[in-house]
Amino acid sequence: MLGCGTVGAQVVRLLTEQADDLTARIGGSVELVGVAVRRPHRHPDVPAHLITTDAAALVESDVDVVVEVIGGIEPARTLLTTALRAGKSVVTANKALLAEHAAELFAAAGSSGADLYFEAAVAGAIPLLRPLRESLAGDRINRVMGIVNGTTNYILSAMDSSGAGYAETLDEASRLGYAEADPTADVDGYDAASKAAILASIAFHTRVTAADVYREGITSVTPADIAAARTLGRTIKLLAICERVDTDGVESVAVRVHPAMIPRSHPLAGVGGAFNAVFVEADAAGSLMFYGQGAGGAPTASAVLGDLVAVSRNRLVGGRGPGESAYAALPIRPISQVDTRYHVSLDVADRAGVLSSVASVFAEHDVSIAAVRQRGRANDASLVIVTHSAPDRALRSTVDKIAGLPAVHDVVSVMRVEGEEP
Ligand SMILES: NC(=O)C1=CN([C@@H]2O[C@H](COP(=O)(O)OP(=O)(O)OC[C@H]3O[C@@H](n4cnc5c(N)ncnc54)[C@H](O)[C@@H]3O)[C@@H](O)[C@H]2O)C=CC1
Ligand SMILES: N[C@@H](CC=O)C(=O)O
Ligand code: NA
């Protein structure tokens with residue numbers, strides 16, 4: 001095992017506590033022969049003779065399976081490609097690595113016939129990648145959408161329900177073991193973007209890397225946005241949305257991560273704390289929903305252990321799990337061309353003609369308005385507009401132009417909207 005932090009410590013605990021059951025399920029015993037760590041004195045629960053600071057030597061020693069729970073690109077990338085090329089099966093929770101270097105890792109695995117399993121990398125404990133790679137391999141998936149980052153969901157849920165502050169809630173998420181070692185990966189949306197890239201690659205049998213994913217985090221979500229959502233019977237969630245787009249018979253994939261307002265009646269609105277939930281839409285299966293703990297040491301270790309059992313069984317019977325499936329080679333559709341809906345909340349002058357001047361900017365950009373709500377105040381008025389679907393580029397240009405209108409005093413909140421039409 002490489003790394004022994006939040007997830008690794010729980011893997012060691014479960015592996016030790018359930019040794020007999022795991023042996024019975026696998027049909028052979030699994031022996032933990034080494035744990036590579038950075039600071040040996042910090043792991044009193046791991047037998048001292050297992051601890052080493054030389055991860056490379058451990059990988060090159062006589063082991064069958066390498067479990068990687070260090071995180072980050074290097075040294076994980078070099079360690080895992082070395083292991084895979086040498087025919088050692090790999091189980092990893094590392095979404096950052098998979099989202100950038102999946103092709104290289106799968107090629108290394110293919111060269112030796114080794115297994116590469118990474119269920120823990122997306123949505124923690126929730127069985128999601130195995131269902132996509134195996135159970136749904138006979139279907140055609142068109143959309144994967146949901147909440148895939150526990151830390152940001154924990155923060156947004158607290159901001160919405162108790163008005164808790166952003167910084168204190170992020171500290172709490174780190175203390176509970178949900179956040180990444182560098183929590184900017186969570187709050188800036190990088191973690192969710194990595195997961196979205198992995199989901200889109202598997203679901204659509206193509207290659208999507210983190211750089212292909214449009215990404216916005218939650219750092220710019222303000223109490224004003226939360227209040228604006230509440231007024232409309234909505235809440236704000238950080239969503240990952242992977243879509244297969246068909247434009248006149250030409251297929252592409254659009255993958256995005258951004259905060260969005262969703263109706264409080266939407267099933268995702270009730271997903272609180274560090275929980276994750278993902279919807280999959282497939283031609284024959286219809287709609288499927290996956291829900292559970294998306295972060296935390298023990299839930300993530302559950303997924304790691306499940307993969308460990310799978311690769312161990314494969315080694316015993318001589319089989320192999322699925323390799324990379326990227327035959328579709330679909331192009332990436334940029335966010336500017338993706339159809340979205342916007343919510344725009346403005347403070348405007350309360351005088352005749354203001355509403356029509358704002359509405360005419362929407363019309364100029366061919367953006368149709370779904371709902372308008374205006375409320376007068378002392379000298380100005382609050383104007384809330386929700387649009388129908390339009391290309392994201394047109395919506396952005398509309399908002400930019402509206403912000404410059406003399407009658408618009410302030411753009412209070414601009415946010416994409418998901419869920420059914422208001
Ligand atoms: N914490 C969570 O809820 C989840 C984490 N993951 C992933 O699991 C992996 C591990 O995450 P955590 O356990 O939360 O991180 P962590 O930061 O608690 O643990 C990582 C450990 O690796 C050690 N390490 C760093 N470089 C090393 C090296 N060269 N050799 C040996 N050890 C080294 C660190 O000292 C640390 O103890 C990451 O890829 C993360 O993205 C995935 C799903 C959920
Ligand atoms: N930091 C991640 C951990 C699980 O992937 C999260 O908050 O979801
Ligand atoms: Na999972």
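Residue numbers count from 1 along this sequence.
By the 4.5 Å heavy-atom criterion applied to side chains, P183 and L170 are counted as neighbours. Using a 4.5 Å heavy-atom threshold, the side chains of M145 and E243 count as separate. Side-chain atoms of E68 and L79, non-hydrogen and from C-beta on, never get closer than 4.5 Å to each other. Residues V221 and L156 meet the side-chain proximity criterion, which asks for heavy atoms closer than 4.5 Å. The shortest distance between side-chain heavy atoms of F362 and V372 does not fall below 4.5 Å. Looking at Y342 and R396, their side chains come closer than 4.5 Å, going by heavy atoms from C-beta outward. V208 places a side-chain heavy atom less than 4.5 Å from the side chain of V253. Taking 4.5 Å as the limit, some side-chain heavy atom of S287 sits within range of a side-chain heavy atom of E281.
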Exercise. Take E364 and T398 through the test side-chain contact (heavy atoms from CB on, under 4.5 Å) and record every step on the way to the result.
Key: CA-CA 8 Å; E364 257 172 51; T398 306; over 6 Å; no
Exercise. List the steps and the verdict of salt bridge (Lys or Arg N to Asp or Glu O under 4.0 Å) for D115 and R315.
Key: CA-CA 9 Å; D115 268 338; R315 292 191 84 83; over 6 Å; no
Quiz prompt | Test side-chain contact (heavy atoms from CB on, under 4.5 Å) applied to R373 and T231, step by step | solution = CA-CA 11 Å; R373 185 171 157 152; T231 311; 3.3 Å; yes
Practice problem: Report the C-alpha distance between E180 and K95 in whole Å, list the side-chain angles of each, state the deciding distance to 0.1 Å, and finish with yes or no for salt bridge (Lys or Arg N to Asp or Glu O under 4.0 Å). | Solution: CA-CA 11 Å; E180 295 301 300; K95 48 277 171 105; 3.1 Å; yes
Practice problem: Dump the intermediate steps for side-chain hydrogen bond (donor to acceptor under 3.5 Å, both in side chains) on T247 and R333, then the final yes or no. | Solution: CA-CA 10 Å; T247 316; R333 195 172 179 83; 3.2 Å; yes
Practice problem: Output, in order, the C-alpha distance, side-chain angles, deciding distance and verdict of salt bridge (Lys or Arg N to Asp or Glu O under 4.0 Å) for K237 and E418. | Solution: CA-CA 10 Å; K237 295 291 186 190; E418 290 291 326; over 6 Å; no
Practice problem: Just do the salt bridge (Lys or Arg N to Asp or Glu O under 4.0 Å) check on D191 and K195 with the steps written out, would you? | Solution: CA-CA 6 Å; D191 179 81; K195 291 163 174 169; 2.6 Å; yes
Quiz prompt | CA sep, side-chain torsions, deciding dist, call: I147, L239, side-chain contact (heavy atoms from CB on, under 4.5 Å) | solution = CA-CA 5 Å; I147 296 167; L239 299 184; 4.0 Å; yes
Quiz prompt | Intermediate values then yes/no, side-chain contact (heavy atoms from CB on, under 4.5 Å), N149 and I218 | solution = CA-CA 11 Å; N149 182 268; I218 64 160; over 6 Å; no
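To the nearest 0.5 Å, atoms NE2 (H101) and OG1 (T81) are separated by 10.0 Å. The distance from atom CG of L129 to atom OG of S201, rounded to the nearest 0.5 Å, is 10.5 Å. Here NE2 of H205 is found 10.0 Å from CZ of R140. Values are rounded to the nearest 0.5 Å. We find the SG-CD1 distance between C242 and I198 to be 10.5 Å, quoted to the nearest 0.5 Å. In this structure, the separation between CG on L97 and CG on L105 is 5.0 Å, given to the nearest 0.5 Å. Considering CZ of R234 and CE of M415, their distance stands at 12.0 Å, rounded to 0.5 Å.
The shortest non-hydrogen separation linking D225 to S220 is OD2-O, 3.5 Å. Closest approach of A254 to V338, counting heavy atoms only: CB-CG2, 3.6 Å. When all heavy atoms of F106 and P322 are compared, the closest pair comes out as CE2-O, 4.3 Å. The minimum heavy-atom distance linking R230 with D160 is given by the pair NH2-O, 2.7 Å. The minimum heavy-atom distance between L116 and A109, with the atom names listed, is CB-CB, 4.4 Å.
Judged by the 6.0 Å and 45° rule, R215 forms a cation-pi pair with Y190.
Between Y291 and F275, the ring planes are parallel. Angles under 30° get that label, and only those over 60° would be called perpendicular.
For the 3.5 Å distance criterion, the side chains of D186 and T152 fail to qualify, holding no donor opposite an acceptor. For the residue pair N276/N153, the side-chain donor-acceptor check at 3.5 Å is not satisfied. Side-chain N/O atoms of D54 and T52 include no donor and acceptor closer than 3.5 Å.
A salt bridge between E216 and R416 is present, with a side-chain N of the basic residue lying under 4.0 Å from a carboxylate O of the acidic one.
Around atom CG of D246, more than 12 heavy atoms belonging to other residues, nucleotides or ligands sit under 6.0 Å away. No more than 12 heavy-atom neighbours from other residues, nucleotides or ligands sit within 6.0 angstrom of CG on D20.
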